[in-house]
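Just below is one structure, and these are the notes that go with it.
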Amino acid sequence: MGIIVENNIFTLHTNNSSYQMKVDDKGSLIHTYYGKRTDETDYSYLIALADRGFSGNVPQAQDERTYSLDFMPQEFPVWGSGDYRVNCLQTDLGSGVNDCLLVFDSYKTYTGKYALQALPAMFASEHDKVETLEITLKDYHEAFYVHLLYGVFEDYDVITRAVVLENKTDQNIILSRIMSACLELNTSDWDMIHFYGRHAEERETERVPLFHGITELKSTRGTSSHQHNPFVILAEKNANEDMGECYGFSLLYSGGFHMQAEVDQTCQARLVMGIDDSDFSWELPSGACFTAPEVCMSYSALGLSKLSHNYHNAFLNHLIRSKWKDKQRPVLVNNWEATYFDFNAGKLLKIAEEASALGLDMLVLDDGWFGKRDSDYSGLGDWVVNEEKLGCSLKQLVDEVNGMGLMFGIWFEPEMISEDSDLYRAHPDWAMIVPGREPIRGRSQLVLDMTREDVQEYVKERLFAIMDSANIQYMKWDMNRSIAAAYSAKLSGKRQGEVRHRYILGLYHVLEALLQRYPDLLLEGCSGGGGRFDAGMLYYSPQIWCSDNTDAVERLRIQYGTSFAYPMSTVSAHVSVCPNHQNGRVTPFKTRGICAMQGTFGYELDLSKMTDEEKDMVRKQVQTFKQHYRLFQFGDYYRLTSPVDNHDYTAWEYANKNGEEACLSVVFTDLHGNPVPQIVKWKGLLANREYKVLRDMEPVGKYTGTALMQGGILLPIPKENYDSCQFYACVEE
Ligand code: GLA
């Protein structure tokens, strides 16, 4: 039983964690526990009531000055209730001011997992040990209801939360802030681990202590963004990969988001997470509901690796829907860094010919195949094949590529419009431009108003037409700018605060329609690389282009940060040429291969312009990846060193779930005149079994699992800058 309800106490159990809340004698839903698995003890005994002065008392408390929401741990704190900390809800229920006070109304439980209207959400089948709890709160005065949804994934140590607001008053309600989840901890001594960055430098890892006041992360860009990721960890001070308590929070949403963590006057910590509220307002008509996106929470008492495994397993089994999550991913070659806009069918076919000869599986045609698109100044929106440029029809090209034994994939940027496009000339009002003002451009392009049904229909019609015209098995869905002024000609002036969220709903609607129509399509997400690498997108795309930065060494940090929440099979990574196009660095070809094998593997260079030696290496890399794809795609991923802390080398490992096989990769990031011996310890092996160990395909010896995990393995001395090696260990039959 994942959910136990007794005496107004709700205890949610997963295999290794418990979460508890309680309706107290004032009708407030208070939070009492989240941590290591426990019993059903009523943990409210840990709440110290006191008259703290200047803390408001709710009407139900009458003269009881020791009862204030200002220090009570709550499930869903709201603005206007005498609680002055960060909150989950600001709403005007008709008085003209944001003023709300929630009390318990009812609850229900059922087996299975709730779904959310028009938003991504984790799912479960009837065979899974998953239960739902729905608790309904009501405003103390008005018929305004808040439904708190909890999904308990017992076997994954994951609890999801979402919120549905329901207006049963007879007037419109205005929402100005709605967070999806709140977590209260009765101590303040926590580090926050978060993932910041910029274009081509996504998901850098930073660990900072919480302090008295508010630590805040947000994206105001209309996308989850390169700058901050909607995933955050609270960790005990001494928590590391293998020990210590930590909590993860992942928002399943691809638009702007807001996360705040506050340490309050009584040294408690509160974390809230939800939609970006900087420019948000929502008119909720009488009788209507508003659904806030889901947060996936997880707890680990055993450090960060366990926390990541919880997320990886839960996302792979209960978030990613694509058939491709279980299928061997095609090793692809993408023509972007090979040709940029300068290509025709001849050039592409030469790359395809080599790809086929070297054992690759797919050619992906990137930007520039449509409309008038020979640079990034024009053409977006005109999704009509430029046959003149290609020199043939798309079908002819695809047929030829298929004839070589390769699949075919294609790039789109469906949410965008160039001013120099037929689409813009026909429908200027489809672009988000504030009337009477000059638009803010990004990459010289404008954003389509995805809130509009006519725009959604146009995008679908174009995508479907291209998809139907040839045998296309993969699509890279790109989005190459942040949203500045979000304006829709379809909404009245006072409702423009709805545009950003409606945009995301429009995007999800089109993605859903695409996947319903082409259920076998391998969809790869992208936003100038990893600007929209979030759990919301994983509901639609089983892999996401991780960064426009293809330098193997910088990718070590980017992929390291990404690995905390997201399964490595979702991390799209390619071998590119040197000097690297983003930073000019030169790295060995072998290292580029090893780094790209950390994720879903491919190439992004002109295969027809390689030396024979390089071609030979491609052949071997493709072979290695295919031989071990099960490990890379389904194995447990271990971060063995941190590229942020260890400047000599970065190491990571995949071990299959039964521990019988593992692959350990190392990239040396510094050289020394008189290097000290370096030893790396394996993880996830079987202590009592003997393993045959290979290094770069050559045998190095036989060791027990205990020896490899407790003693480790000696690394070779690097012979050149950014040298690397790959170990493979397998149980001897
Ligand atoms: C974005 C993507 C790249 C490439 C270009 C094409 O930057 O991240 O991989 O597709 O757009 O314009």
Side-chain angles (χ1 to χ4, degrees), residues 197-203 221 223-227 229 254 332-343 347-348 351 362-383 386 389 408-418 420-421 441-448 463 466 472 474-483 522-534 537 541 543-552 554-555 558-559 562 570-577 580-583 592 596 599-606:
R198 56 191 182 278
H199 176 235
E201 302 281 354
E202 300 88 339
R203 290 170 297 288
R221 296 169 176 270
T223 58
S224 48
S225 89
H226 303 83
Q227 284 71 13
N229 195 263
S254 309
L332 62 85
V333 58
N334 175 304
N335 77 308
W336 179 240
E337 287 198 19
T339 66
Y340 295 103
F341 291 105
D342 182 17
F343 61 82
K347 263 196 193 180
L348 296 168
I351 297 176
M362 180 157 72
L363 174 78
V364 173
L365 172 54
D366 211 282
D367 195 355
W369 55 266
F370 52 89
K372 190 184 125 209
R373 182 73 172 170
D374 288 324
S375 78
D376 55 16
Y377 286 88
S378 60
L380 290 172
D382 295 344
W383 303 109
N386 186 343
K389 174 172 178 172
F408 186 88
I410 198 162
W411 179 97
F412 274 98
E413 196 180 353
E415 301 154 65
M416 293 294 145
I417 181 165
S418 303
D420 183 2
S421 69
R441 299 178 179 87
R443 207 193 189 198
S444 306
Q445 64 198 48
L446 303 178
V447 184
L448 271 178
L463 291 175
I466 299 290
I472 298 169
Y474 158 111
M475 183 188 290
K476 177 172 166 190
W477 181 299
D478 208 343
M479 196 286 189
N480 278 317
R481 60 160 293 176
S482 302
I483 297 176
L522 173 53
L523 186 67
E524 175 157 326
C526 180
S527 174
R532 213 158 51 179
F533 206 123
D534 56 67
M537 283 308 292
S541 52
Q543 60 192 55
I544 300 177
W545 181 226
C546 187
S547 178
D548 272 349
N549 190 336
T550 58
D551 170 52
E554 294 218 88
R555 275 286 185 126
I558 297 170
Q559 292 171 186
T562 308
T570 67
V571 173
S572 182
H574 299 168
V575 174
S576 61
V577 290
N580 178 267
H581 286 191
Q582 287 78 42
N583 64 10
R592 283 176 263 157
T600 283
F601 187 62
Y603 291 83
E604 180 125 356
L605 40 71
D606 192 339

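Everything numeric here is computed off the predicted structure, so don't read it as measured data. Just follow the structure's listing: the first ligand is 1, and inside any ligand the first atom is 1. For the single chain, residues carry numbers from 1 onward in sequence order.
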key: Residue, atom name and distance, where the atom is the protein heavy atom closest to atom 9 (O) of ligand 1   = Lys476 NZ, 2.7 Å
request  = Output, in order, the C-alpha distance, side-chain angles, deciding distance and verdict of side-chain hydrogen bond (donor to acceptor under 3.5 Å, both in side chains) for Asn386 and Trp369.
outcome  = CA-CA 6 Å; Asn386 186 343; Trp369 55 266; over 6 Å; no
message = Within ligand 1, which atoms have a heavy atom of Cys526 less than 4.0 Å away?
response = 2 (C), 8 (O)
query = Is the closest N or O pair between Phe341 and ligand 1 shorter than 3.5 Å?
reply = no
inquiry  = Regarding ligand 1, does Trp411 bring an N or O atom to under 3.5 Å of one of the ligand's N or O atoms?
reply    = yes
ask   = Does an N or O from Asp367, backbone or side chain, lie closer than 3.5 Å to an N or O of ligand 1?
value = yes
task = Can you sort out which atoms of ligand 1 are near Trp545, meaning under 4.0 Å from one of its heavy atoms?
result = 8 (O), 9 (O)
inquiry  = If we only consider heavy atoms of Asn480, is any one of them less than 4.0 Å away from an atom in ligand 1?
reply    = yes
ask   = So, Glu524 versus Ser572: side-chain donor-acceptor pair below 3.5 Å or not?
value = yes
Pair Glu413 + Lys476: basic N to acidic O under 4.0 Å = no
note = Among non-hydrogen protein atoms, atom 4 (C) of ligand 1 lies closest to Asp366 OD1, 3.4 Å
request  = Tell me yes or no: between the side chains of Glu554 and Asn583, is some donor less than 3.5 Å from an acceptor?
outcome  = yes
Name of the residue among Arg221, His199, His226 meeting side chain to side chain donor-acceptor pair (under 3.5 Å) with Ser482 = Arg221
ask   = Of all the atoms in ligand 1, which lie at a distance below 4.0 Å from a heavy atom belonging to Gly529?
value = 8 (O)
inquiry  = Looking only at the side chains, is there a donor atom on one of Glu337 and Gln582 sitting less than 3.5 Å from an acceptor on the other?
reply    = yes
cation_pi(Lys389, Phe343) dist<6.0 Å, angle<=45 = yes
inquiry  = Tell me the protein heavy atom at minimum distance from atom 5 (C) of ligand 1, and give that distance in Å.
reply    = Trp336 CE2, 3.6 Å
ask   = So, Ser444 versus Asp376: side-chain donor-acceptor pair below 3.5 Å or not?
value = no
ask   = If hydrogens are left out, which of Asn549, Thr550, Asp548, Val364 has an atom nearest to atom 3 (C) of ligand 1, that is, the closest non-hydrogen atom?
value = Asp548
task = State, yes or no, whether a side-chain contact exists between Arg592 and Tyr603 at a heavy-atom distance under 4.5 Å.
result = no
request  = Run the contact test for Arg443 against ligand 1 with a 4.0 Å cut-off on heavy atoms, strictly below, and give the result.
outcome  = yes
query = Who's the nearest protein heavy-atom neighbour of atom 11 (O) of ligand 1, and how far?
reply = Asp478 OD2, 2.9 Å
